[in-house]
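Have a look at the structure below before the remarks.
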Amino acid sequence: MIELLALLFGLATLAATAWCPPRLTRVLGSLLFALMVGVVSRFAFGVHVALLAAALAAVLALRFFPPLVLRRVVFLVPALVLLIFSTTLLMYRAPGNPFANERATSPQVEAALRAQYGVPKNASAFFGIYMRRLLVEGTLGPSIKVQGRTVEELIAPAFPVSVALGLLALILSVVIGLTLGIFAGLKKNSLADHVSMALALFGVSLPSFVLGAGAMIVFSLWLGWLPVAGWGSLRHLVMPAFALALPNAAIIARLARSGMIEVMQQDFVRTARAKGLPESWVIARHAMRGTLIPVVSFLGPAAAAIMTGSFVVEVLFAVPGMGQWFVKGAINRDYSVVLGTAIVYFGMIILFNLLVDLAYSWLDPRVRSSDA
Amino acid sequence: MSGAEPQATPLLSIRGLRVDFATDAGSVPAVRGVDLDIGISETVALVGESGCGKSVTAMSVMRLLTGRISAGSIRFGNTELQSLSEPEMRRIRGAQIGMVFQEPMTSLNPVLTIGKQIEEVLTLHQRLTSSAARAHAVELLKRVGIPSAERRASQYPHELSGGMKQRVMIAMAISCRPKLLIADEPTTALDVTIQAQIMDLLGSLQQELGMAVLLITHDLGVVAHFAERVAVMYAGKIVEQGAVRDIFKRAAHPYTRALLAALPDPLRTAARLEAIPGRVPLPRMLPAGCAFCARCKHVFEPCPGVLPELFPIAPGHSAACFLHDPRRAPSNVPCQ
């Protein structure tokens with residue numbers, strides 16, 4: 001009951017940040033930003049440096065940050081707390097617990113284990129312990145199933161791997177998707193349109209494990225151009241990156257195509273032509289931005305998902321990325337691993353949505369003025 | 001208001017223009033043989049209901065149609081526009097022929113500043129440097145009556161009112177001092193008070209720049225104040241042509257008369273507005289003869305079967321109606 005109330009309170013706080021007046025947003029956002037900088041730098045550099053850094057951050061944020069960013073910061077802190085709280089509740093509601101296994105554990109042993117890992121039977125108590133760890137000790141806690149390792153030790157080597165793979169996949173999907181989509185949109189109902197949309201349909205419908213396995217057979221086993229699986233060189237990156245990129249490229253292609261078709265029917269495109277502008281100029285200067293808007297709004301969450309790794313692709317190509325920990329954490333009921341990966345994913349979502357917002361305000365001045 | 005007689009060498013001369021649109025149900029004629037002359041510095045109004053082919057005619061001149069020009073010639077000065085290559089045509093669009101559209105709200109690009117949108121015409125056609133283009137754009141904005149033009153030039157369309165946007169469109173269209181300005185329902189989307197201001201602006205710019213104006217409208221009130229010559233279009237054909245006074249005082253075609261009768265009279269506010277019975281026939285279902293005959297009070301024997309040509313009534317005034325055919329006109333139908 002008390003948990004439900006806390007959950008509702010959290011949601012209300014989160015909703016309230018949306019109506020926060022601009023002046024308050026500026027002050028609150030700067031303070032929260034300073035707090036974040038302070039907490040993070042304390043574990044890295046000690047208390048004195050942290051205080052200095054926090055003060056510096058507050059001043060910087062107050063003076064230079066655009067309202068858009070500060071509004072995000074005000075949203076971010078309660079959202080993170082709410083995320084941890086609700087994830088904890090969900091984990092405790094799920095059947096089983098990290099200490100349940102085939103052999104019955106005696107109550108005394110379980111009690112000892114729970115005390116050792118800081119996993120009490122009560123969800124709220126766990127939330128308290130976890131937040132204390134996070135803020136006071138600066139750790140994501142010990143993994144329960146991977147003995148003797150903390151969650152940050154598990155994630156730290158895997159995260160850059162996923163980011164590197166994800167970044168390449170992201171670039172590939174944008175380049176392929178935009179090229180196909182714009183081309184198809186400009187020549188609607190032509191052969192080129194049908195061919196590129198057939199390719200896009202192919203990309204959307206084929207799951208990445210089929211695509212990946214097919215690529216392995218062709219490029220590794222038959223042609224021998226690329227290593228079958230593994231990690232370590234640029235050549236290892238190619239196939240998993242494509243396997244990750246193609247489904248997204250297909251979606252981007254469809255979005256860009258419909259965006260381009262819609263924009264080219266707008267009155268201002270007719271105006272641009274009536275000015276005597278060459279068609280390439282009409283497309284590049286007048287139609288392109290409108291085409292990119294739907295693509296950009298897709299890219300925010302998609303980029304976060306790509307960068308945090310895909311379990312399927314990682315398993316298929318034996319890539320030591322982040323994706324495995326999402327699945328292993330959930331299967332093992334390894335509470336701290338689940339929360340750790342959730343926090344990383346949350347951070348990526350926030351970061352990319354911020355980038356999307358910034359991109360929006362560059363693409364469309366109407367968004368800019370409504371934020372000011 | 002004396003330019004009733006088209007000049008010897010018109011600036012724009014449209015002959016036998018036919019435009020067809022391909023639809024699923026086959027090819028549909030939107031313009032069915034239009035002849036129209038516009039003299040240098042002359043103001044001609046092309047009047048008609050929605051869908052009668054006015055805008056299609058205008059877009060044919062610009063060669064910006066989605067449909068197909070199936071026949072006819074469009075001469076601009078001594079150039080046949082139809083035979084130009086696309087790059088040659090682009091040098092005419094925006095430079096020699098400017099165009100103002102009906103919807104100022106959507107006709108400007110929402111993501112570019114209005115200054116940029118004017119400048120790009122100048123850098124394109126007059127090869128101005130960007131700073132010179134900027135200065136010229138501000139001058140143009142001042143000329144079309146936009147206050148604090150320097151500030152406005154760096155604003156986006158959504159920061160301007162509808163009337164202001166139409167002024168920007170006009171500034172853009174006249175930026176290269178075109179010989180012909182096509183204004184396609186320039187005031188339809190605006191408030192009545194703003195409409196008058198925009199028409200005044202167009203009138204004064206026409207005087208100042210000496211450009212010809214093709215005004216496309218369905219508002220006969222605007223026509224009476226602004227145009228020298230009027231062409232009335234119905235179902236893809238011009239049914240009556242003449243000096244503005246001829247049209248308003250001695251309208252000859254039953255359709256023109258019905259249009260004039262449908263004008264609201266401020267002195268008879270209580271009276272019901274006159275309406276033309278029936279509706280414009282669909283382009284697919286046009287009769288072989290006069291397209292207006294289903295709605296006309298004076299229909300007689302040749303009307304449904306034979307297409308009337310433009311019969312001269314007075315110098316510079318003609319109407320496509322058998323009532324004015326000296327060979328056919330039945331004596332029992334009054335002409336006026």
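Small disclaimer: the values here were computed from a predicted structure and weren't measured.
Geometric assessment of A:R289 against the ring of A:W362 yields a positive cation-pi assignment under the 6.0 Å and 45° thresholds.
The candidate from B:S107, B:G94, B:P87, B:A95 with the greatest count of non-hydrogen atom pairs under 4.5 Å with chain A is B:S107. Listed options A:R285, A:Q266, A:E279 were ranked by heavy-atom pairs under 4.5 angstrom with chain B; first place goes to A:R285.
Contacts of B:M59 with chain A are made by side-chain atoms alone, with heavy-atom separations under 4.5 Å and no backbone atom involved. In this structure, the portion of B:L64 lying under 4.5 Å from any heavy atom of chain A is its side chain and not its backbone. Only the side chain of B:M169 comes within contact range of chain A, with heavy atoms under 4.5 Å apart.
Salt-bridge annotation for B:K54 and B:E49: absent, with no side-chain N of the basic residue lying under 4.0 Å from a carboxylate O of the acidic one. Salt-bridge annotation for B:E159 and B:R152: absent, with no side-chain N of the basic residue lying under 4.0 Å from a carboxylate O of the acidic one.
Here CG of A:L76 is found 4.5 Å from CD1 of A:I350. Values are rounded to the nearest 0.5 Å.
Checked by atom type and distance alone, the side chain of B:T188 never pairs as donor or acceptor with a backbone atom of B:Q102 at under 3.5 Å. No donor-acceptor pair closer than 3.5 Å links the side chain of B:Q166 to the backbone N or O of B:G163. Panel note: side chain B:K116, backbone B:S154; no donor-acceptor pair is recorded below 3.5 Å. The backbone N or O of A:R270 sits nowhere less than 3.5 Å from a side-chain atom of A:K275 that would complete a donor-acceptor pair.
Interface with chain A: from residues 118-130 of chain B, residues B:E120, B:V121, B:T123, B:L124, B:H125 qualify, criterion being any non-hydrogen pair under 4.5 Å.
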